[in-house]
Amino acid sequence: MQISTRTGPRILAILGPTNTGKTHLAMERMLAHTSGMIGFPLRLLARENYDRAVARVGKGAVALITGEERILPKSARYFLCTVEAMPVNKQVDFLAIDEIQMCADPERGHVFTDRLLHARGISETMFMGAETIRPVIRQLIDNVEFDTRARFSTLTYNGSKKIQRLPSQSAVVTFSAQEVYAVAELVRRQKGGAAVVLGALSPRTRNAQVEMFQNGEVEHLIATDAIGMGLNLELNHVAFAALHKFDGQFNRGLSAAETAQIAGRAGRHMNDGTFGVTGNLSGIDPDIIEQIEAHEFEPLAKVFWRNARLDFRTVDALQKSLRKRSDNPTLVLAREPVDEVMLAHLSQNEDVARIASAPDRVQLLWEVCQIPDFRNIHTDAHPRLLTSIYRYLAKPNSKLPVDWLGEQVLRLDRYDGDIDQLSSRLAGIRVWTYVSHKHHWLEDANHWQERTRAIEDKLSDVLHERLTQRFVDRRTSVLLKSLKDKSELMSTITANGEVQVEGEYVGRLEGFRFIADETDAAFEGKAIASAARRALTGEIAQRVKQLETDEDDKFAVNGQLEVLWNGAVVGGLKKGDTVLSPDVQVIDSEFFDGPTRERVRTRLQNFVNAHIEARLKMLTRLRDCQLPGPIRGLLFQLNEGLGCVPRADLESLIKDLSDEDRKALAKLGVRLGVETVHVLDALKPDPVELRGILWAISRELDALPELPPAGRTSVPNDRSNSKGFYLAAGYMPVGPLAARVDMLERFAALLRQKARENDGKVKPDPDLLSLLGCTVEQAEGVFTALGWRAEVVKVSKAELDAKEAAKKAAEPVAVTADAPEAPAEAVNADEAAKEAPADAVSETPVEEAAPAAGEAEAEPEFVEVKYFVRVDRRKRGGAGKGQRGGPRQEAHGKGAPKGKGGQRPNRGGPNKGGDRGGKGQGRPNNAPAKNNQINEDSPFAKLKEMLAAKG
């Protein structure tokens, strides 16, 4: 069947690939006429060209008509519309249809074919599209003038590229929302951000996303084939992440012409473009590549069509008229469009079938079925909604109830939730925006148009924000734009070091080191670093000058062996020539050149030297004093030991010291103790911390181990810490404890005193425990480490009770700290009284005890008592006659331990009742003799009588 047009009006077919200026030509031709109308495949394109026309001829002369939006000035002369919404009955001088090859689209093709056959302008009609539609137009329309347009720029295939290697101004194309989001997430991590374009987005949201791309806020666009329909984008490259799409019924591969339509968006005007693949695709069929590059495709032989003369007598008659086939083989019956599917679904409802009994009711039903399903969720939700709308409208003179309509709209007036939830609400409100333009269905249609439009706009804006938050870092967008601009970046640094570039937080500046804000996108990190480098160069120069002039109180060193300036790390300490002269290493900073680094190092080294001199003056004067002989060697070792060295390590030097040397050491604050040689002033908390730091530096450690708490006289001996560390901290490891050396010397002195006063035997009494702040068990470990051996003897409980009674009797006589010391004889007497039971038992074997005559024999009750005696004679003067060490105590009594330290006394031997230490171990000749007389009132007097009576 040949369909002829009226003679006279001009019909033009402007055909060619993308980027040939076809739409631009149509706009120019329309505005050259008194009135005109153009139908576009997308609401987005209609809006874009509406804005362009308004800019040319004014808002009052231009109308916008889409399914969801109508702007109709009374004096409108130019109409920009979607193809479905074109008021084809309106007479205009010029009429055009864009993307006319859409006649072959399985879903919408029948609408474009109808416009091709029936839509005409009074003076001129223009069809713009791909060259593939030429045979169909020639077959269906007479008197058509064809104009073939060549592409302004070339389009070239450049193979496969990984996403991270895509050039700037690239679009990645895939065919589902889930895939778009997945790719956009990957691009955000790899390239810093992406805009997204999907057909499901509202035009407002798509415009905002496209504008973000066009403005250079992001360099990549992730889209479906929605970008293939006339969107004017500044694209350099199109990369396909998929080459198959679901067309509503089947998952099929893209044709060469469809691929070219999308790929052709690369390159604008005279700029050449490229296309290729990315992701999991390895390439495109070579035949398709050749067709795309040559713009030569297999021509269309058929297009989709649907009968426009509908029969509304009954629902069945309407369905039959919709399914009527054309006599022309070029016109193929459209696959069941959504409106026909809805009609079939609603007609199965008994109430709907009963209501649709008259032609006007059938026509109303068909009009309701044409409400678009923007949600596209393929459930019965949309049919149920259409059923409700039809039931309300089918009543005589009825319109949609205000309360019900308000409830439906209010349900969608929410702006919380994620992208999917917002997209769903946006699709839902678009349905009601479409309905609001059916004036005969509503009371006060203008009110509902304004309300639904406001909700749609708000949802669109929020969705745009959510998309941007998820797939674009605003900071990265700002930085990208700023870096492209060669002008100086505006940067600020807050008091706490936060760095902002162009108003966006990018990190913080600590001293001279820029710490970029954490990000999982490598590209974003590079953008931040580049922006910060440009913005902070001047700031760093000023800081270097400030560092050079600041006083020493602005600097510090810490346990991490770092040098701080105003609390920020600016350098590190490393081993130098001596322990008191570490070297400074300036931190790495991309802002330093060689001379700047040396300026910073010199200032930090001066501070460190002055800091050591001020805090460790007691040690530096040991280093600097000029003394000859043994004292010089002792001071050198004491200096290297940071003021504390075990006495055993210096014994060979100490024995050669003269009296004058000892006086000189005393003036220098050096104490020659029994266990250590140390500088007393170096034990204060401030010097101790610095000594520990210097020790860690000299051992080339990464950090200072934890120092003992200030004020503690002892701490548990952590075996993971070396002896050198404890000495540097002013402590000496002794058994289970590390004791502060000054308190250890007092402890050792008191220990020797008690041994002298108790015939060489010592118990860990409170006086000793309080010096080290330790428990009995810990003190016993210290005794052992200092060369004392434990011995256990059995003592009569009665004797212990007597001793305790004597102790209590002595308690009221308290000696205050300010009172003079008691005579030695009195003290020794007290101690002798306290230790009397042990002495008695040691001199009188337990097995010889017997009850007095006339008394019943009873086995006395005994308890074990532990004492410590001195055994280490190497360093403490315990060997040889006349030495300071206490006498070695032999164990006595039945049950005394045998073996080491457990040898039984030689009863009746020459030492019985006299010196117990053996030859060379006795009391010095000038020591007072021990009084062995027993007080007749003492319980021991009766025991002595009992023993004498026994014989």
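FYI, side chains are in, hydrogens and waters are out, and symmetry mates aren't considered; it's all heavy atoms of this structure. Numbering of residues begins at 1 and proceeds along the displayed sequence. The structure presented is a predicted model; accordingly, all values stated were derived computationally and were not measured.
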Quick one: does [X]'s side chain have a donor or acceptor within less than 3.5 Å of a partner on [Y]'s backbone?
X    : Y    : answer
Y867 : G760 : no
N639 : L635 : no
S581 : T578 : yes
N717 : G735 : yes
R513 : I587 : no
R601 : V584 : no
T713 : L772 : yes

So that I can tick it off, tell me whether [Y] and [X] are bridged by a salt bridge, with the cut-off set at under 4.0 angstrom between side-chain N and carboxylate O.
X    : Y    : answer
E548 : K545 : no
E864 : K866 : no
D742 : R740 : yes
D552 : R603 : yes

Between N609 and Q605, does any side-chain donor sit less than 3.5 Å from a side-chain acceptor?
-> yes
Tell me yes or no: between the side chains of E780 and T784, is some donor less than 3.5 Å from an acceptor?
-> no
Start with the C-alpha gap between Q542 and Q546, add the side-chain angles, then the distance that decides, and say whether side chain to side chain donor-acceptor pair (under 3.5 Å) holds.
-> CA-CA 6 Å; Q542 293 180 6; Q546 185 66 43; over 6 Å; no
Name the orientation class of the two ring planes belonging to F783 and F868 (parallel below 30°, tilted from 30 to 60°, perpendicular beyond 60°).
-> perpendicular
